[in-house]
Colleague: 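Before anything else, here's the structure in question.
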Amino acid sequence: MGENLVIVESPAKAKTIGKFLGEGFTVKSSFGHIRDLASNTLSVDLEKGYEPNYVVSDDKKKVVSELKALAKKSSTVWLASDEDREGEAIAWHLSEALKLDPEKTKRIVFHEITKEAIDNAVKSPRDIDMDLVMAQQARRVLDRIVGFQLSPLLWKKVRPKLSAGRVQSVAVRLIVEREREILAFIAKSQYKIEGLFHPEGTKQSIKVKAEVAERFEGETEALSVLESCKDAVFRIISVEEKDAKRSPSPPFTTSTLQQEASRKLGFSLNQTMRVAQSLYESGFITYMRTDSVNLSKLALVTAKQVISELYGKEYSKTRQYATKSKGAQEAHEAIRPTYINNIEIDGTPQEKRLYNLIWKRTVASQMADASILRTEIEIGAEGVAARFAATADRVKFDGFLKVYSESTDDEQEESDAPFSLPELKAGQKMDAVSISATEKFTQKPPRYSEASLVKKLEELGIGRPSTYAPTISTIMQRGYVTKDNRPGTERVCKIATLEKGEITKRTIVEKWGAEKGRLFPEDIGILVNDFLVENFDSVVNFGFTAKVEEQFDIVAQGKLKWNKLIDEFYKPFSKRVEETLQESRPKNAERELGTDPASGKRVIVRLGRFGPLAQIGESDDPEKRFVSLAKGQLLETITLEEALQLFALPRRVGEIKDEEVIASSGRFGPYIKYKGKFISLPKEFSPYTVTIEEAAAIIEESDKKEQQKLIKSFEKEGIEILNGRFGPYIKKGKKNYKIPKGKDPASMDLESILKIIEETPEKPAKKR
DNA sequence: CAGTGAGCGAGCTTCCGCTTGACTT
């Protein structure tokens with residue numbers, strides 16, 4: 001038992017620090033916050049200066065009692081939580097909950113986990129900074145009041161179990177507003193003119209592709225340019241060479257790691273964080289929840305060594321980056337490999353890939369600029385107003401590009417891969433092999449992906465590294481938004497080509513607007529957002545967090561009392577809550593689409609108990625009909641035709657052997673029903689159009705699969721061995737049992753099966 | 001699992017930020 005007890009936030013950190021401190025020190029972890037406002041009620045006394053009611057959370061009772069016992073036996077307790085607002089609060093809650101003697105308690109902080117840094121920290125302890133603690137308390141109480149007063153308002157006015165909060169409601173707002181931008185967007189047709197030229201006196205195969213920078217509004221305008229090119233003699237007007245350089249991106253923070261893992265590896269936010277957590281626990285990387293781009297001195301030195309060894313000295317350039325993002329608290333380092341000389345690690349494929357990404361980004365950040373020679377040429381002709389331009393980049397020195405280049409979110413229509421230009425001189429004649437005018441359409445704004453939404457939130461200073469992934473999970477869980485793919489549509493583009501003195505016109509079909517893993521608002525998200533924007537704009541405003549953060553800073557400086565800040569917010573806020581409560585329901589009114597030509601009744605859409613629906617006939621009409629809207633349809637945008645089509649389901653397709661075949665669409669997509677069985681409809685078929693012949697084939701296919709599914713059956717006992725998605729398994733009644741590895745499912749006897757059933761433990765109650 | 005669109009009223013839902021854990025199909 002050590003004389004000294006050191007408490008840090010994370011157990012992995014405790015382990016490493018324990019090694020540095022050695023004899024006489026016991027290092028333990030608090031596992032983050034140990035106390036919080038009681039979770040079942042507001043727990044803020046609105047009458048008594050907003051006094052918070054803190055309790056030790058259930059899952060922390062054990063940690064707290066353990067730490068308490070250890071603290072009792074220790075001569076000194078060192079509170080070594082992070083040096084930011086939350087960390088300071090953790091230190092204070094520890095001192096309160098463990099009833100620490102101030103004489104025996106010391107607050108220390110360190111920014112690097114090295115022996116030197118820790119020794120230094122121990123030499124210069126300080127007291128808990130109560131101003132900073134109160135700034136945290138203000139943050140906590142404000143979030144609780146906003147969340148626990150707005151959410152119940154939604155339960156009353158919209159639907160139970162909904163939620164609202166300073167962070168999540170802004171995230172939803174961003175998605176809803178982006179959707180409306182997209183709806184309002186009208187694609188503009190423009191013409192892009194490109195030419196393929198052959199420099200005179202060079203090999204026949206050499207071609208130079210050049211483009212006119214400006215876009216042309218209409219077909220006539222574009223054609224007149226082509227017309228003017230007919231007999232033109234093209235020459236190089238200018239050749240310009242410029243030196244350019246590119247610099248590496250800073251090392252990873254949580255948000256940039258999430259963005260790059262999404263773009264380069266296709267990871268979701270949760271996936272990235274789960275894999276990073278496991279790399280951290282294995283000691284491969286530094287802490288993964290950080291907003292800092294700072295690297296420790298040790299890391300800088302190792303990076304230099306590694307780069308010099310691998311690529312040569314000229315590739316190394318030591319750089320220290322400054323954090324751009326507002327509100328960054330910088331309690332940790334950037335995310336980097338713990339040992340940069342560790343180029344590869346052991347682990348799952350996912351872990352290897354993420355580690356590799358982190359390694360490359362870190363190393364590249366300490367490498368030299370790439371230097372690039374950019375050649376720009378211009379081609380023109382007398383009588384042709386438009387100028388054709390081409391650029392080519394030649395990498396003179398690759399520098400950091402040897403290791404890493406950052407991806408972008410914008411999907412480019414064509415790859416602008418650098419191509420090389422032949423030796424060209426001003427005045428040189430260029431034969432126009434072909435010149436074409438292609439119709440292009442302006443792009444609608446992109447929907448957010450999980451990662452680009454995090455980027456946006458970070459820019460606005462909303463949310464923290466530890467909450468980005470959970471926040472986005474929350475708004476999906478509430479049903480406000482859905483992550484989805486959309487197949488995209490086709491459109492026809494016109495092309496006119498001038499070749500050998502003649503202009504020919506044709507059209508091509510272009511696929512556009514396909515989306516993968518994007519966030520779409522749902523009707524309930526739109527409704528809740530509009531309700532909040534209408535009544536609480538000051539809170540769901542994009543600038544609200546930045547504004548209160550300024551106030552928290554003033555509290556942290558000791559120039560403002562925390563509960564005065566709260567009071568100034570709460571007075572107008574509670575008034576607004578009261579007023580909104582008195583007012584009528586939010587605009588959940590129905591939207592009228594028109595009349596049903598068959599019955600002459602009114603067709604409306606509205607949000608029902610189970611989601612958005614279309615309705616024919618009034619609510620008091622005994623013959624009224626309902627149908628749910630399909631995935632991807634919104635109340636705001638659905639048309640009468642689309643709504644009426646929904647009523648065509650369920651549809652009788654025909655009969656097979658005197659049994660009806662029905663086609664419809666359910667929770668799990670389109671299906672056909674035959675002899676009481678449901679069969680999912682393959683993608684290429686639609687329930688509106690599938691024919692009885694097609695249905696027969698689908699049913700036959702499904703029967704075949706069903707037969708292959710059954711490996712063995714014990715009818716008397718009601719036990720079956722089946723082939724499932726994850727391999728063979730045992731089924732008895734409604735329960736499934738795993739077959740141990742190495743057993744051949746087809747040759748198992750009843751006895752061994754019963755034994756497996758016997759030995760399989762009961763499923764524990766579902767925890768949430 | 002593949003349709004629901006209500007009625008009565010009790011009891012519950014919910015925030016943001018720190019941190020990991022222990023469950024199997």
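Per chain, numbering begins at 1; letters A, B, ... match sequence-line order. Note that the structure is a prediction, hence the values are computed from the model and not measured.
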Colleague: Please determine, for the side chain of A:R609, which listed nucleotide (B:dT19, B:dT14, B:dG5) has the closest atom?
Modeller: B:dG5
Colleague: To the closest 0.5 Å, what do you measure between NZ (A:K156) and OG1 (A:T580)?
Modeller: 11.5 Å
Colleague: Checking only heavy atoms, does the side chain of A:R139 share a donor-acceptor pair with the base of B:dC16 at less than 3.5 Å?
Modeller: yes
Colleague: With nearest nucleotides of DNA chain B determined for A:Q277 and A:T41 from heavy-atom distances, which residue corresponds to the more 5′ nucleotide?
Modeller: A:T41
Colleague: In terms of side-chain geometry, is the basic nitrogen of A:E66 or A:K60 positioned less than 4.0 Å from the acidic oxygen of its partner?
Modeller: no
Colleague: Name the closest nucleotide to the A:P160 side chain, picking from B:dA2, B:dT13, B:dC16.
Modeller: B:dT13
Colleague: Check A:I475, A:I472, A:N529 against A:I175 for a side chain to side chain contact (heavy atoms under 4.5 Å, CB included) and give me the one that passes.
Modeller: A:I475
Colleague: Which nucleotide in the list B:dG17, B:dT4, B:dC18 gets nearest to the side chain of A:F610?
Modeller: B:dT4
Colleague: Measuring to OP1 and OP2 of B:dC16, would you say a side-chain N or O of A:R464 lies under 4.0 angstrom away?
Modeller: no
Colleague: Less than 3.5 Å between a donor and an acceptor, one on the side chain of A:R140 and one on the base of B:dC15, is that the case here?
Modeller: yes
Colleague: As a test of reading the structure: which of B:dG5, B:dG17, B:dT19 is closest to the side chain of A:L613, going by heavy atoms?
Modeller: B:dG5
Colleague: Nearest whole angstrom, please: distance from the P of B:dT20 to the NZ of A:K13.
Modeller: 10 Å
Colleague: Salt-bridged, A:E88 to A:R107, with N to O below 4.0 Å?
Modeller: yes
Colleague: Over all strands shown, is A:V167 touching base, sugar-phosphate only, or nothing at heavy-atom distances under 4.0 angstrom?
Modeller: sugar-phosphate
Colleague: So what's the dot-bracket for DNA chain B: Watson-Crick or G-U pairs under 3.5 Å, [ ] if a pair crosses, | if it pairs off-strand?
Modeller: .........................
Colleague: Go through B:dC15, B:dT14, B:dG17 for me and flag the one nearest to the A:T467 side chain.
Modeller: B:dG17
Colleague: Salt bridge check, A:K13 against A:D82: does any charged N sit closer than 4.0 Å to a carboxylate O?
Modeller: yes
Colleague: Ignoring the backbone of A:E281, work out which of B:dT14, B:dC16, B:dT20 is nearest its side chain.
Modeller: B:dT20
Colleague: Could you work out which one of B:dG17, B:dC18, B:dC15 sits closest to the side chain of A:F148?
Modeller: B:dC15
Colleague: If the cut-off is 4.0 Å, is A:S163 near the phosphate of B:dC15, judged by side-chain N/O to OP1 or OP2?
Modeller: yes
Colleague: Mind calculating the distance between CG (A:L79) and P (B:dC18) to the nearest angstrom?
Modeller: 18 Å
Colleague: Can you identify which nucleotide, out of B:dT14, B:dC15, B:dT20, has its nearest atom closest to the A:W155 side chain?
Modeller: B:dT14
Colleague: Between the base of B:dG5 and the side chain of A:S628, is there a donor-acceptor distance below 3.5 Å?
Modeller: yes
Colleague: OG of A:S702 to CD1 of A:I679: how many Å apart, nearest 0.5 Å?
Modeller: 3.5 Å
Colleague: Within the pair A:R35 and B:dT19, is there a side-chain N or O less than 4.0 Å away from OP1 or OP2?
Modeller: no
Colleague: Describe, in one word, how the ring planes of A:W92 and A:Y54 are oriented to each other, choosing from parallel (under 30°), tilted (30 to 60°) and perpendicular (over 60°).
Modeller: perpendicular
Colleague: Nearest-Å distance, CZ (A:F31) to P (B:dT20)?
Modeller: 8 Å
Colleague: Is a salt bridge present between A:D143 and A:R140, judged by a nitrogen-to-oxygen distance below 4.0 Å?
Modeller: no
Colleague: Nearest heavy atom decides the nucleotide; on that basis, is A:G608 or A:D82 closer to the 5' end of DNA chain B?
Modeller: A:G608
Colleague: Choosing from B:dC15, B:dG17, B:dT20, which nucleotide comes nearest the side chain of A:R289?
Modeller: B:dT20
Colleague: Nearest to the side chain of A:S466 - B:dT13, B:dT19, B:dT14?
Modeller: B:dT19
Colleague: Can you check whether A:Y671 has a side-chain N or O nearer than 4.0 Å to OP1 or OP2 of B:dG3?
Modeller: yes
Colleague: Please give, in whole Å, the distance from B:dC15 P to A:F573 CZ?
Modeller: 14 Å
